[in-house]
Amino acid sequence: MSRTFQAVVENDGSLRPLGRVELKAGDRALVTLLDENDSNETALLSQPALAPDWERKEEDEAWAHLQ
C-alpha cells in the first residue's frame, strides 16, 4: 500500500516527518523534493482535503467514460 507523508529537510540533510510515520526495515520509499515555488505542491497538499469528493460514487460515474 502506498502512503504519502510530508517531511522537511533538516540542516544536516536528514528528513524529519511532519507527523507520526511508522516504518520498518526493508520499507522502500520515493522522495520528491519540492521547490518552495512549485505549483505542484499546492495540488499535493490539497489531495487529502479533496479525496472525499473524488471518491464519491457520483464522481466515478461522471468519469467512467474515460476508463
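No hydrogens, no waters, no symmetry mates; every other heavy atom, side chains included, goes into these values.
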Donor-acceptor contacts under 3.5 Å from residues 60-67 side chains, at least two apart:
from, atom 1, to, atom 2, distance (Å)
W63, NE1, E59, OE1, 3.1
H65, ND1, A62, O, 3.2

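- Residues meeting the side chain to side chain donor-acceptor pair (under 3.5 Å) test with T32, sequence neighbours left out: none.
- Taking L30 as the reference, nothing meets the side chain to side chain contact (heavy atoms under 4.5 Å, CB included) condition, with sequence neighbours excluded.
- The salt bridge (charged side-chain N to carboxylate O under 4.0 Å, His left out) check on E55 picks up nothing, with sequence neighbours excluded.
- The local environment of CG in D12 is crowded, with over 12 non-hydrogen atoms from other residues, nucleotides or ligands closer than 6.0 Å.
- Criterion: ILVMFWY side-chain heavy atoms under 4.5 Å apart, direct or through other members. Under it, F5 and V8 are not part of a common hydrophobic cluster.
- For A7 against P17, the heavy-atom pair with the smallest separation is CB-CA, 3.8 Å.
- Heavy atoms only, all atoms of each residue included: E22 and R3 are closest at O-NH1, 3.2 Å.
- Every side chain to side chain donor-acceptor pair (under 3.5 Å) that K24 has, sequence neighbours left out, goes to D27.
- Under the salt bridge (charged side-chain N to carboxylate O under 4.0 Å, His left out) criterion, R56 pairs with D53, E58, not counting sequence neighbours.
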